[in-house]
Structure formats: structure tokens, C-alpha cells
Amino acid sequence: MPLMQTAPALSLRAATVADAALIASIHTTSWRATYRGLLPDAFLDGEVAQERADWWQARMRAPGGERRMVLIAVLDDEPIGFVCVERQPESAWGVLLDNLHALPGYQGIGVGKLLMRAAKDWARTQGETQLHLYVLEGNTPAIGFYERQGWQFVGAEPDRMGGVDITALRYVYRLERAGV
């Protein structure tokens with residue numbers, strides 16, 4: 001009798017303060033793979049790991065957790081990505097999809113779409129009608145992914161990352177009824 005093959009189980013779970021180091025590790029790995037050539041190698045190979053670790057420790061412990069959702073994507077018990085989305089009542093652009101990362105070896109298998117759907121669903125439950133995000137100019141794969149998912153470019157802003165001046169491209173996604 002032939003062995004039956006089963007598809008790997010992709011799921012999401014809520015992140016906790018205890019996950020800060022894990023999230024920082026995924027974030028660092030993603031930045032190193034994605035931003036090579038866009039940010040200085042010295043930053044990516046050096047201080048980015050500690051910078052992301054400090055950032056996530058502070059963020060996960062910060063007050064206002066009810067305004068944000070952080071989920072970890074898990075494939076057969078292995079964490080492979082995460083999303084962070086936050087309500088920003090003072091923003092004219094709606095909910096901020098601040099982070100959406102899948103580890104390089106797991107891109108293209110639906111992780112990003114699953115994380116994005118969860119972010120959209122959460123924003124709807126918050127009564128929001130729009131999300132926005134920023135993507136680093138030159139990050140062509142991410143720009144293509146967001147545009148294929150229906151995000152629309154609405155502007156660019158100067159920013160600073162890794163010790164260099166960059167341009168952050170703003171995209172918006174207008175929410176419709178549930179399931180869209």
C-alpha cells in the first residue's frame with residue numbers, strides 16, 4: 001500500500017512578549033535577504049540583528065497592545081513568517097500594516113497572502129475601512145506582491161534606515177465587506 005502524502009499544515013498563532021526574539025530573528029533574516037543592495041552591507045551584516053531585537057522587545061512590551069495584532073505563521077511547527085498591523089487613529093491612511101515577512105525559503109507558498117488576509121480581517125473587526133503600508137523603493141519583489149494583492153501606490157516619503165536616506169513608498173488598500 002503506497003504511503004499517503006499530506007500537505008504541510010500552515011497556520012497562524014498570536015504572538016506574545018515571549019516571541020520577541022523569534023520575531024526579531026525572522027525580521028533580521030528577511031531584511032538581510034531582501035534589502036541586500038538597498039541598505040549598507042555593514043548594517044545588514046552587523047547591527048541589524050541587535051537593532052531588531054531591541055525594537056521587538058520594546059514593541060511587544062509597550063502599552064497599547066490592544067491597538068495592534070502580531071501573528072506568527074507556522075508551517076509544521078516551524079515559525080516561518082509574521083505580520084504586525086496597528087490601528088493609528090490619528091492617521092488619515094487607516095490601519096498600518098507595519099510588517100509582513102516570510103523567511104526567504106518559504107516565499108511563494110501562500111504565507112504572505114495568509115498573513116495579509118488576517119491583517120485585513122483584523123482591520124475590519126476594528127471598524128476600519130483602509131490599510132496602508134510603506135515599502136522601500138527598489139524592493140521590487142515586495143512592490144509586485146502588494147500590487148498583485150490590490151494595493152495602490154499613493155505617494156513617497158523620505159525616510160532613514162540603516163544609516164542612509166531612503167524613499168518609502170506608501171500603498172493603500174481599501175477594505176470592502178467581509179471576505180474581500
Side-chain angles (χ1 to χ4, degrees), residues 10 12 15 23-49 51-52 55-56 59 68-75 79-88 90-124 126 128-176 179-180:
L10 179 59
L12 301 178
I23 294 167
S25 175
I26 293 170
H27 204 167
T28 298
T29 300
S30 177
W31 275 19
R32 284 177 172 160
T34 304
Y35 293 159
R36 190 70 60 187
L38 299 175
L39 295 178
D41 286 348
F43 171 71
L44 294 172
D45 294 334
E47 67 203 68
V48 71
E51 190 267 346
R52 290 291 87 193
W55 167 256
W56 282 105
R59 185 171 217 184
R68 90 181 133 262
M69 177 188 69
V70 182
L71 297 175
I72 297 173
V74 180
L75 182 65
I80 61 168
F82 75 96
V83 66
C84 177
V85 60
E86 187 168 316
R87 275 190 315 119
Q88 297 187 315
E90 71 284 355
S91 171
W93 300 104
V95 169
L96 174 63
L97 192 148
D98 197 26
N99 301 101
L100 191 149
H101 295 273
L103 289 172
Y106 298 97
Q107 293 174 1
I109 65 169
V111 179
K113 288 179 186 177
L114 182 63
L115 290 166
M116 188 178 296
R117 186 172 340 133
K120 291 174 187 175
D121 290 347
W122 181 83
R124 280 188 195 94
Q126 302 297 308
E128 298 285 346
T129 59
Q130 183 169 278
L131 290 100
H132 72 287
L133 59 79
Y134 294 93
V135 62
L136 182 61
E137 184 178 55
N139 186 353
T140 307
I143 292 167
F145 172 75
Y146 293 126
E147 289 179 351
R148 285 190 303 277
Q149 305 310 310
W151 291 74
Q152 296 178 350
F153 171 77
V154 294
E157 296 179 11
D159 202 350
R160 193 154 178 84
M161 181 185 274
V164 297
D165 293 331
I166 62 155
T167 300
L169 307 178
R170 183 186 316 110
Y171 280 78
V172 297
Y173 185 90
R174 288 169 185 81
L175 293 170
E176 297 178 20
V180 176

To the nearest 0.5 Å, what is the distance between [atom1] ([X]) and [atom2] ([Y])?
| X | Y | atom1 | atom2 | answer |
| --- | --- | --- | --- | --- |
| L114 | L100 | CG | CG | 10.0 Å |
| L71 | I23 | CG | CD1 | 9.5 Å |
| E157 | L169 | CD | CG | 10.0 Å |
| W56 | R59 | CH2 | CZ | 4.5 Å |
| W151 | F145 | CH2 | CZ | 9.5 Å |

Before giving the answer on side chain to side chain contact (heavy atoms under 4.5 Å, CB included), spell out for D45 and R36 the whole-Å C-alpha distance, their side-chain angles and the decisive distance to 0.1 Å.
-> CA-CA 10 Å; D45 294 334; R36 190 70 60 187; 2.8 Å; yes
Could you tell me if the side chain of [Y] sits less than 4.5 Å from the side chain of [X], heavy atoms only?
| X | Y | value |
| --- | --- | --- |
| L10 | I80 | yes |
| Q126 | M69 | no |
| D165 | P158 | no |
| K120 | L175 | yes |
| R117 | L12 | no |
| V70 | N99 | no |
| P141 | N139 | yes |
| R174 | T129 | no |

Evaluate the ring planes of W31 and F43, with Trp represented by its six-membered ring, and classify them as parallel (under 30°), tilted (30 to 60°) or perpendicular (over 60°).
->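 Plane angle between 30° and 60°, so tilted.
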Classify the ring geometry between W93 and H132 as parallel (under 30°), tilted (30 to 60°) or perpendicular (over 60°).
->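 Answer is tilted, since the angle falls between 30° and 60°.
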Which atom pair, heavy atoms only, marks the closest approach of [X] to [Y]?
| X | Y | result |
| --- | --- | --- |
| L115 | G81 | CD1-C, 4.3 Å |
| V135 | A142 | CG2-CB, 3.7 Å |
| I166 | M161 | CD1-CB, 3.9 Å |
| R68 | C84 | CD-SG, 4.3 Å |
| I143 | G138 | CD1-N, 4.4 Å |
| L133 | L97 | CB-O, 3.4 Å |

Do any N or O atoms from the side chain of R32 and from the backbone of T28 form a donor-acceptor pair under 3.5 angstrom?
->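 Absent.
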Do side-chain atoms of T29 reach the backbone of S25 as a donor and acceptor pair under 3.5 angstrom?
->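 Confirmed, T29 side chain pairs with S25 backbone.
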Side chain to side chain contact (heavy atoms under 4.5 Å, CB included) evaluation trace for E147 with Y171 | CA-CA 9 Å; E147 289 179 351; Y171 280 78; 2.7 Å; yes
Kindly determine whether L136 and T34 satisfy side chain to side chain contact (heavy atoms under 4.5 Å, CB included), including the steps that lead there.
-> CA-CA 10 Å; L136 182 61; T34 304; over 6 Å; no
Criterion side chain to side chain contact (heavy atoms under 4.5 Å, CB included) on D98 and E86, from CA distance to verdict | CA-CA 7 Å; D98 197 26; E86 187 168 316; 5.7 Å; no
Among R52, Q107, H101, find the residue that satisfies the side chain to side chain donor-acceptor pair (under 3.5 Å) test when tested with S30.
->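 By the side chain to side chain donor-acceptor pair (under 3.5 Å) criterion, S30 pairs with just one of R52, Q107, H101: H101.
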